[in-house]
Every structure is written in C-alpha cells, then in structure tokens.
Protein chains: 4
Amino acid sequence: MTAGVAGVLPDSIDLNSDLGESFGRWVLGDDEAVLELVTSANVACGFHAGDPSTLRRTCVLAAARGVVVGAQVGYRDLAGFGRRFVDVPPAELADEIVYQLGALDGTCRVAGTAVRYVKPHGALYNAVVHHRAQAAAVGAAVRDYDPGLPVLGLPGSELLRAADAAGLRTVPEFFADRGYTRDATLVARTEPGALLHDPAEAAARVLRLLSDGVVRTVGGTDVRVRAESICVHGDSPGAVGIAAAVRRGLERAGVTPKAFA
Amino acid sequence: MTAGVAGVLPDSIDLNSDLGESFGRWVLGDDEAVLELVTSANVACGFHAGDPSTLRRTCVLAAARGVVVGAQVGYRDLAGFGRRFVDVPPAELADEIVYQLGALDGTCRVAGTAVRYVKPHGALYNAVVHHRAQAAAVGAAVRDYDPGLPVLGLPGSELLRAADAAGLRTVPEFFADRGYTRDATLVARTEPGALLHDPAEAAARVLRLLSDGVVRTVGGTDVRVRAESICVHGDSPGAVGIAAAVRRGLERAGVTPKAFA
Amino acid sequence: MTAGVAGVLPDSIDLNSDLGESFGRWVLGDDEAVLELVTSANVACGFHAGDPSTLRRTCVLAAARGVVVGAQVGYRDLAGFGRRFVDVPPAELADEIVYQLGALDGTCRVAGTAVRYVKPHGALYNAVVHHRAQAAAVGAAVRDYDPGLPVLGLPGSELLRAADAAGLRTVPEFFADRGYTRDATLVARTEPGALLHDPAEAAARVLRLLSDGVVRTVGGTDVRVRAESICVHGDSPGAVGIAAAVRRGLERAGVTPKAFA
Amino acid sequence: MTAGVAGVLPDSIDLNSDLGESFGRWVLGDDEAVLELVTSANVACGFHAGDPSTLRRTCVLAAARGVVVGAQVGYRDLAGFGRRFVDVPPAELADEIVYQLGALDGTCRVAGTAVRYVKPHGALYNAVVHHRAQAAAVGAAVRDYDPGLPVLGLPGSELLRAADAAGLRTVPEFFADRGYTRDATLVARTEPGALLHDPAEAAARVLRLLSDGVVRTVGGTDVRVRAESICVHGDSPGAVGIAAAVRRGLERAGVTPKAFA
C-alpha cells in the first residue's frame, strides 16, 4: 500500500530489515528476534556481509516464518561492511550483482523459498541515490536476472528511476529510525541526528508518515516522503526495541504488516 | 558414451576443461582457444578462482559456442587457488557449494545458459576421492540444489559413491595429460610424472583408454579406468596444444566430441 | 616462572589472552576488560581475524596499560576464523607468518610498543602440536624475523620442539578454561568437556597447576602440565568472568601476574 | 638528481617500477627482467596485489641485485587490483598503510633489505593527487611508521604536499610510458593516448624531460614536469621493451641509473 493519502492510514504496510549480516565467527544482529517483527528480510549476499551458512540459516528461518526474502546486494568489501563507496565500473558492478542474486537465490532454493526483491546496501544504497551509472548497472543486473523482481530504494533516487526505466517495479521506502534532511534523503551516519533512539518517537513518525505522507526533518521542518515499505533495524538491542515499537504501533492503529512482494 | 568396451571405440565422448579461472587483473588460461576444443566447460565459481565478470564472459562465450557449462566448485581459498586442503566442516562445505552453484547458475541465466553438471576443483577434487564426509557434503549440496545435475569425478572416488547414494547421475572422467598410479588415481603434482607434455602421447593414451579401457601408469603397468568424459587443460600454451591434439586424434579416429549433459 | 615445583607456588606468572579479534563492523570480545586482567596480549594479525584499525587500537591500549604484545599468527582464513586446518605448503606458511609478524610489529611501532613473542592461533595452534613440517615452518619464520622472540605453545608440542631447535626461547602454557585429555592435550571444541564454565573451578585449577604441576583430565585422572603462562579468554562475558576469577585467585594466593617477555 | 635544469642532462636518475604484483597461482609481470633494468622496486604489499611468498621472493631478488625496495601501498581491493577508488575513512586508510608498511618491511628484513620509500598504487595514487584527506592520511601513516622514508608521487600532487607538511622527503616522478594532459597529470587509462607503445618514443621523451624539463601532452603542447625518478612498467612484454629502451637511452646519453633512496 502506498502511504499518506489524505490523512487516512493504509490497511497494510511492509516492514523490511537487514538480516543475515553475520560472518563466520562474528555474529551481528538478532536475526531470530527481527524475523518475528518484519514481513520482508533483506538478506546479505556475501559480498559485504554474510557467509553461506549464515545465509542458508537465515533463509530457512525466513521461510519458516513466512517472511519474504530480498537480496541485500552490496559492494565487494567485507572489511568495510559495504559502507565505503567503491568506484566499480558499472559493467563490473552489474556482474557482481548478478552473482550475488544467483548465490542468494540458490541458497533460497534449498531453503524452500526464493529471492523476491532486491535492495542495495550501505554505500551502494547511498551512491545510487545520485550515481546514475551505478544505478543503471543495478537496474540492468536485476532486469537481466529476473525482470519480475521489484527494487526497494529511496523515493526519488536514481536507483528507482533506473529500475523503472528497466521495466522493473519500484518500491519506495521510509526509514523508521533514521534522520531525514529537507530534501528527503538520510542524514549521513557521521552527522548528528542520523539515528533515532526513542522507540515511541519512531513509532509515531511511522504512523504520521503513513497517514500524512510527511516526516519531520533534522532541521525541524516537514518533508513529503512516498513509501510502500518501512525499514527497521536489528543490529543492536536498541534497534530491535525500535522495530518492535513500530510494529506494535502499526497493529494498534489497525495497519497490518504485510509483505509487498 | 562409456569407453573401453572390447576394443571398440565409442561413437562419441565428452571433452571437459577448467575455464573462467582468471581473477580481476590476473589472466589465466586461453579460454577462447579452449572453448573451440571442448564440449563441457568447468567454470570456476569465485571461491578459488573467477570473478563475476570473468564468469559472465566465460558463460556467454560457452553459450555462443554450444559448450555445456558445469560448476567448478572449490574451497574458499583464492590465495591458494583451491589447491590446499581445507578442513571445512561438512555442513559448511555443503552451504558453500550451494552458494557457488547459485552464483554460477545466476550468471549462466543472464548468459542464456544454465549450470548442467558439477565438478569439484583442485584440493577438493582430491580430498573427495577419499574423504567421505566432504564427499557426502558435495553430494547433499548438489541434490538439495538440483537433483538433476550430474557429478563429474574420479572413477572409484568417494565423491561418485556419495553422489550415487544421493540419487545423482555420476560421470567418471579420464585425464589426458596427467600421470596415473597403479590404483588408478592421479600422480600428485609434486611428484615426477604428474604431467604429460607430449601432445601425441596424450592423444594416443586417450584413444587407448577409449578402445581398451586401460592406461599405462607411471610404474609402467596398465590399470583399468572407466570414463565418460576426457579432461584436458588450457592454463598454458602447452596444455592447449595437448587439448588440440586430443581432439584431432578423436576426430581422426571417428569419435565425435559430444557433451554428456 | 615455571610452575609446580614441589607444591610451592611461584612468585609470579604470566596471564595471556587473545585480543584484537574484531573485524571491521564485527566486534568480538571485550578487549578493554581483558587488558585490565592479563599481562600478555596475543594480538591477531589480520589473516584469521583483526583489521588494521582494530590492531592499532588494541596495541595502543596494550601499550598504555603496560601489557606485552605478542603476535597471534594464523591461517589465511577469515571465513573460518582460522579454526579450520589448511594444508599450506610449509614454505608458504613461513612467508605468511613473516608477513603477519611484520604487519603487527609495524602497527606496534606506531603504537609505541613492539611484538615481543609469537603464539599460533586456532587450527594452526592445534596442527603444530603434531604437524612437524608446519611446526618447523613457524619456527623458521620466527627465527628469520627475530631470533629474540619467544614462542608460546602447548608443552610437549612439535611447535616448541621446532622453536627450540631453531634456537628460540619456548614458553609452555596452561589453559585455565579448557578441558584436558590424559595425554595433556586440549579436548577438541566439538567434544564434551572442552570448555569450563565455572570461574571458581578455573581459578582453583590454575592454583593447583601452579603448586602441584598437574591438572584433572576429563577422564578424571591427573596429568602433569609444565607451564610458564596461563591462557584465559575474553570472547564472551562468561570468559571474562573466568579470567577475572583466575587473576583474583592468583593475587589472593600471593602470585603476581607478570609478563614472561 | 632533479631533471631539466637548462638543457643539461643530470649525471644520474632513478628508474622505478611496480613489482611483486603476482597473486598465488596468478602471475603478473616479468619481475626478473625488470629487476635487471630498474634501480627502485615498488613492491606490492598484499592489499591490492602480492601474496607473502611473492613479496619475499621479490625482495630477495631485489636485494641480490642491489635494487632498492619501496612499499607500493594500495586500497584493500584484490578483486579490483587497487584500481577502483575506495572512499576509506582517512584514519582507517592510515592504519591500512601502516599495516602494509610493516608487512613488507618484515618481509624485507628476512630478505636482507628494508623498505626505503613509499609509493601509492593505482586508484590511491590517482586519488591523492587531489584528495586532501586521503593524502594527509598517507603522509601521517608514513611519518608515524618512519619519518625517514621518502614518498614518491606525482609532482604537484596533494600527496607530495601532505608528505612535505609531515616532514617527509618528497620525490616527484615522471612516467615514461603514460600520456600527459596539459595540467601535467596522467591521461586516464580509459582515454585515448593513455599509454605509449613505442620504445624509442618513450626513451626520447625521458631524455627530453631530463634535459629540458618538459613533456609533449596528448594535446600537442608542452608542459613542465619536475622529476627525480622515472617510472617504467613491466606487466607486459611491450612494457619491458619500453623499460629496456629507456635504460639504454639513458646510458647512451651518459645518465647513470641510480636509486634516489
């Protein structure tokens, strides 16, 4: 459901979160807790996070809970967790994304599910807000792999434009726990106000977004954001608390969490 | 065709070779030349060799020439090119193989083809001759991914036994340019006689194998080898010369190169 | 001080622990807490764990607290955290260890300290208990890099034999929180009894080892262990609790924690 | 010697080249041939190229020929060979450079030599022409590691400015086989004119640079370049031919190849 038409809450909305981000001995996030809260799991694909066993376990758990799996594609940068822009030539980036899609899709297959959408991660997510050539590479890779896969991204981004041009369904999202600038982009993680910490505030923001289509920026003004999915996080106990509050807030307001794909 | 029934040459036989083993800036092998000679391409999957762009280019070339693509799965060991045994717990190994199968299969999909068989590489190939738990992990991974995929391996190996037990088709192979021991295994690369260098000798060995089912060992005696595919190499100019001689020898003897899958 | 001479406690003993094992976004262990407890820090070198920033931060903290830094060298295997045996040819292993020693030593230099000993990690540690060629490679690498560096390892191991043969000082160690077999080796992590969980029991074992030179095995009998250092862990809250109990126990018994190097 | 004062050739000049860039099974460049031609070897440090055994072998060969070793530091990007800009936070970049310096210096130590200068590689080299924060990070890393190490780089670059500000000796270089723009930077590898292919032309350019201090740009005009070292390449037979021609040209003109460090 698209949010924010004339003050009326939608019947349902998708909740997505990044999962499968552990790597070998290193555990990150409480995937089991988050899978109880969300409807769509952006599962890492091994390039910036996620080893094959973590991916398989995550896909099995998601399938068991009826959570839809999406491919959280990223730069090939384990050391940087995909949070550093890499100036990959677009054709190579497309090939890397096809590889990641196939790897996760194969893992989903043995787990009894399938990749049903694509969402870039970290620095790639941020880059394709503005970087046309990389955005086009992501769009082309998804189209070549499976033109039926929707792309989840920031509303107004080059990514969604490129995905649309490639004939793909586009799904704009809203971040429950991230600060917004007045041009409706995310406050950088290195800036003050980048992260919200109050579960109640996050839940209220989501409801306001869904009913009125706006969010209060770090500057104190409102900005319009179009969203068909709400992103929550699970990589810290605080983040899980926020995700739980958002879900509870939705349910109390009569909005059913429901996957978009 | 199974080789070596009562001195009669088969009508056809498969020729397989390792391809797609370049990595980024580093080029290995003359893939274009080898693709003119073989009927089955064991394409690396990125864990011991092969970056996503190399894989895609290789799969596109194979598809264009009608060469069947198989997944050359290996240990996660770029620094060792998959030639060092790694004591991976079997469950993790199975997950790593599923991941590799999916990655290459996805790459094949955008190249207009598909993974049609599986062949382990390097130290994994050698390990699963005897290592039951790792052999079983490979078999389980292939069966879980796609029970229709044949497994190519050394005749008499635990791998083929495990694959058979998993309900998979097994395809035994003969190495045109590798020395054999009297128990029909390969002479280790560190030993004398591991590699043949004479194209004519390699071609003659292949024909003898196909007609009589035997190969002369480094010790000078004959040993029986059952084979439905002939493996040639392409990672040096000498190896390509051997592969070309083997193919010419087959054609002159009226044996048509033909993929098994 | 060597422990266990005729029921008399030594004046001092070294406490060592693995540190610097985080990697990029993935945090492992409470290094700050452990650095308050130990006298020697086995700092990872980036091959099985530890990124350059983690190493530098750890070395700076160690230097500030007067904790001696040793090089925790391991297999090149981030995905397996160095816990999987890799059959690296000995000459390559030696080169990899020199590389790791130099990398950590250079990091120590900018942190105002230096590598003062060497201790293999994980599967390498276990391999060189018996694997002569890899043990000799470690000994040769350390000797070539700096013959003044002691090697910390399991008493009776091939590693200490090889280090001794290479003219290096050898330092046998005892594990406060690991189960022992009757031949004085560690119970494998996959077996029952591999890990102790009771801080008081661990502290008592250490004191008994120091006064009597014996430890109770998983089989219930005693076995002699010679030790000049006690290894504690810090990769879980429970492990830190054990380390703290061991240190408290030593101090109450009048044994001063003191680095061997 | 600084080149190009009033049409008079200098008595001597340094010749530098990238070496040690093989990785495991993948061979790149003819290091033995190049070591016969150059006076300074920029040896890779394992982050964008070079495994520990390759580094050690290269350092041993360099030491045997009296070729000075420098650290060819780069981004952590084997898949991209360090040729893709990575937006590493400056503090992390400094830590990564310290790690690389230590690793190569330790390898040099066992080879009977030492790191005597530093030169960034690939995309890092190009980035620090303009990127102040990364340039400052390189300068700080070298100063913290060893303030006696000179930094080799593009004349006029932010790198040399930052190195100078950090109290380091700076060494500007000229590329014998790369095209120049009219602002004295290199033509990008993706542009026409990026690479020279004629050995005689390269040799003549070097002599003109040394006597007159200018180089003809791709646009056809001359631009002044200050240089105390000449960079040649060895990663293809053609490149080795150019390097040989440059050296022969220098010797015929009475300019002795001589290391700057």
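A note on names: the letters A, B, ... follow the listed sequences, proteins ahead of strands, and every chain is numbered from 1.
Within 6.0 Å of CD in A:Glu32 there are 12 or fewer heavy atoms belonging to other residues, nucleotides or ligands. At most 12 non-hydrogen atoms from other residues, nucleotides or ligands lie less than 6.0 angstrom from CZ of A:Arg132.
Residues of residues 95-122 of chain A that come closer than 4.5 Å to chain B, counting heavy atoms only, are A:Asp95, A:Glu96, A:Val98, A:Tyr99, A:Gly102, A:Ala103, A:Asp105, A:Gly106, A:Thr107, A:Arg109, A:Val110, ordered by residue number.
Neither the backbone nor the side chain of B:Arg57 comes within contact range of chain A; no heavy atom of the residue lies under 4.5 Å from a heavy atom of that chain.
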